[in-house]
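So the structure is just underneath, and the comments pick up after that.
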There are 2 protein chains.
Amino acid sequence: MSQNNNKIIEQINFGEGHRMTPQRRFVYEVLMGSIDHPTATEVFIRVKDKMDSISLATVYNCLDALVGVGVVRQVNVDREPSRYCGNLEPHAHFHCETCASVMDVDLKEGADPSNSVKLPRGAKVEKFELAVRGQCPECVRLKNKK
Amino acid sequence: MSQNNNKIIEQINFGEGHRMTPQRRFVYEVLMGSIDHPTATEVFIRVKDKMDSISLATVYNCLDALVGVGVVRQVNVDREPSRYCGNLEPHAHFHCETCASVMDVDLKEGADPSNSVKLPRGAKVEKFELAVRGQCPECVRLKNKK
DNA sequence: TTTTTATCAAGAACTATTCTAAATAATAAT
DNA sequence: ATTATTATTTAGAATAGTTCTTGATAAAAA
Ligand SMILES: [Mn+2]
Ligand SMILES: [Mn+2]
Ligand SMILES: [Zn+2]
Ligand SMILES: [Zn+2]
């Protein structure tokens with residue numbers, strides 16, 4: 001449970017006629033305990049440790065359900081497999097082009113990236129996605145060393 | 001040829017041992033004549049009009065080649081098929097969640113979206129991708145009408 | 001209980017994209 | 001010019017992430 005946003009799991013409201021299940025709980029717990037934006041397959045592997053019977057299809061279903069109720073975010077990096085993020089604060093992502101890691105980056109206080117853009121007049125903005133790409137500090141350090 | 005960035009086609013330099021071909025020229029021309037960010041299949045359909053013999057695999061090859069030399073940009077929207085953009089100016093994209101259109105949005109003068117973010121110290125930024133999502137002006141208008 | 005509804009699991013199906021291999025075309029070497 | 005080399009094209013097969021289908025299981029409602 002290394003993240004701040006984690007709702008008391010029992011309280012997640014899936015809506016009329018939808019249920020909290022052990023599978024959904026495990027998937028959610030794995031995400032709340034990760035900061036590395038795992039893919040569905042990675043989540044599957046991590047959950048399987050706790051619940052050997054779970055299937056990959058179910059992990060996809062659970063992730064969809066959690067994304068659907070808004071307690072988890074789906075993060076796409078080019079054409080690579082989708083990654084999942086338990087951090088609900090507005091934030092951007094830094095993609096390291098060397099080690100392929102994906103990390104959260106907070107917004108500067110009060111900053112709104114969609115303000116840096118000339119929006120088409122009359123458009124209604126719902127949200128933004130900002131990805132910054134380059135080399136993560138560790139990869140920069142490694143490169144400088146050799 | 002409705003875009004500004006279009007290099008004189010003959011001058012595109014594919015690098016040592018690479019060639020400009022009719023297929024690559026047609027693909028490039030279609031992109032320079034489009035502002036709607038077509039997918040590979042859409043490019044294929046549009047080129048086929050001019051060159052019936054072209055194959056989809058070749059369109060993918062040509063798009064890769066053009067992206068590789070940097071005269072065309074690949075734009076990804078969630079898990080949907082890649083789209084291609086002939087506008088080389090730094091710009092962001094507005095995705096309409098109603099009609100699924102993708103349009104260019106210019107940056108405000110001097111604005112750099114990656115400035116709105118607290119980068120990890122020591123990271124080296126190479127580029128950014130900013131997507132703004134919501135409803136395009138036309139879809140807003142249509143909705144207000146009814 | 002019995003009935004209804006939601007979820008799960010396994011595997012089949014789907015689809016955007018990449019790969020393979022043979023044919024063609026352009027370039028370079030003779 | 002002829003020949004040899006290399007790049008490109010093409011059609012179709014293969015790949016991989018994801019979604020769909022279906023029968024089994026489990027929870028909730030009656
Ligand atoms: Mn994140
Ligand atoms: Mn564009
Ligand atoms: Zn890195
Ligand atoms: Zn629209």
Side-chain angles (χ1 to χ4, degrees), chain A residues 9-10 12-30 37-69 71-84 100 102, chain B residues 9-10 12-30 37-48 50-69 71-85 100 102:
Chain A
I9 294 178
E10 310 303 330
I12 294 177
N13 179 16
F14 284 88
E16 191 57 44
H18 291 217
R19 302 168 187 158
M20 173 54 94
T21 66
Q23 288 86 349
R24 285 173 180 174
R25 194 189 322 281
F26 278 125
V27 168
Y28 183 71
E29 280 174 3
V30 159
H37 302 81
T39 64
T41 303
E42 285 162 351
V43 171
F44 173 59
I45 290 168
R46 294 175 200 184
V47 171
K48 212 157 192 330
D49 231 54
K50 301 282 176 62
M51 178 186 250
D52 188 57
S53 63
I54 201 170
S55 74
L56 178 57
T58 295
V59 170
Y60 274 106
N61 287 340
C62 292
L63 289 169
D64 280 359
L66 292 165
V67 169
V69 301
V71 294
V72 157
R73 288 172 49 177
Q74 186 168 7
V75 177
N76 293 302
V77 181
D78 299 333
R79 305 260 85 217
E80 286 163 31
S82 281
R83 295 170 171 275
Y84 295 86
V102 176
Chain B
I9 294 179
E10 310 305 329
I12 294 177
N13 180 17
F14 285 88
E16 190 59 43
H18 292 217
R19 303 166 187 159
M20 174 53 94
T21 65
Q23 289 85 348
R24 286 173 178 172
R25 193 189 324 280
F26 278 125
V27 167
Y28 183 71
E29 281 175 1
V30 158
H37 302 82
T39 64
T41 303
E42 286 163 350
V43 171
F44 173 59
I45 291 168
R46 293 175 200 184
V47 172
K48 210 154 196 325
K50 300 281 178 61
M51 176 186 250
D52 187 57
S53 64
I54 201 170
S55 74
L56 179 56
T58 296
V59 170
Y60 274 105
N61 288 341
C62 293
L63 288 169
D64 281 357
L66 292 165
V67 169
V69 301
V71 295
V72 156
R73 289 172 48 177
Q74 186 168 5
V75 177
N76 293 303
V77 181
D78 299 330
R79 306 256 85 217
E80 285 163 32
S82 281
R83 296 171 171 276
Y84 296 86
C85 173
V102 176

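Naming: A, B, ... by sequence-line order, numbering from 1 per chain.
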Atom pairs under 3.5 Å, N or O on each side, protein against nucleotides 5-10 of chain D: can you list them with distances?
| unit_1 | atom_1 | unit_2 | atom_2 | d |
| --- | --- | --- | --- | --- |
| D:dT6 | O2 | B:Arg19 | NH2 | 3.3 |
| D:dA7 | O4' | B:Arg19 | NH1 | 3.2 |
| D:dA7 | O4' | B:Arg19 | NH2 | 3.0 |
| D:dA7 | O3' | B:Gly17 | O | 3.4 |
| D:dT8 | OP1 | B:Arg19 | N | 2.8 |
| D:dT8 | OP1 | B:Arg24 | NH1 | 2.8 |
| D:dT8 | OP1 | B:Arg24 | NH2 | 3.4 |
| D:dT9 | OP1 | B:Thr21 | OG1 | 2.6 |
| D:dT9 | OP1 | B:Gln23 | OE1 | 3.2 |
| D:dT9 | O3' | B:Gln23 | NE2 | 3.2 |
| D:dT10 | OP1 | B:Ser53 | O | 3.1 |
| D:dT10 | OP2 | B:Ser55 | N | 3.4 |
| D:dT10 | OP2 | B:Thr58 | OG1 | 2.6 |

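- In this structure, A:Arg79 places its CZ atom 11 Å from C1' of C:dT15, rounding to the nearest Å.
- Of all the heavy atoms in B:Arg24 and B:Arg19, the pair that sits closest is NH1-O, 2.6 Å.
- Taking atom CD of residue A:Gln74 and atom P of nucleotide D:dG17, one finds them 14 Å apart after rounding to whole Å.
- The nucleotide whose nearest atom lies closest to any side-chain atom of A:Ser82 is, among C:dT18, D:dT18, C:dT17, D:dT18.
- Partners of A:Lys50 by side-chain hydrogen bond (donor to acceptor under 3.5 Å, both in side chains), not counting sequence neighbours: none found.
- Rounded to a whole Å, the OH atom of B:Tyr60 is 13 Å from the P atom of C:dT15.
- Between B:Leu56 atom CG and C:dT15 atom C1' the separation is 12 Å, expressed in whole Å.
- Summarising the geometry, the separation between CD on B:Glu80 and P on D:dT18 is reported as 14 Å, rounded to the nearest angstrom.
- In terms of the side-chain hydrogen bond (donor to acceptor under 3.5 Å, both in side chains) criterion, A:Asp49 has no residue partners (sequence neighbours excluded).
- Separating the CG atom of A:Leu66 from the P atom of C:dT7 is a distance of 12 Å, rounded to the nearest angstrom.
- A:Asp64 has its CG atom 16 Å from the P atom of D:dG17, to the nearest Å.
- One atom, CG of A:Asp52, and another, P of C:dC8, lie 16 Å apart when rounded to the nearest Å.
- Residues that satisfy the side-chain hydrogen bond (donor to acceptor under 3.5 Å, both in side chains) test with A:Thr58, not counting sequence neighbours, are A:Ser55.
- The salt bridge (charged side-chain N to carboxylate O under 4.0 Å, His left out) search around A:Asp78 returns A:Arg133, not counting sequence neighbours.
- Applying the side-chain hydrogen bond (donor to acceptor under 3.5 Å, both in side chains) criterion to B:Arg73, with sequence neighbours excluded, gives B:His91.
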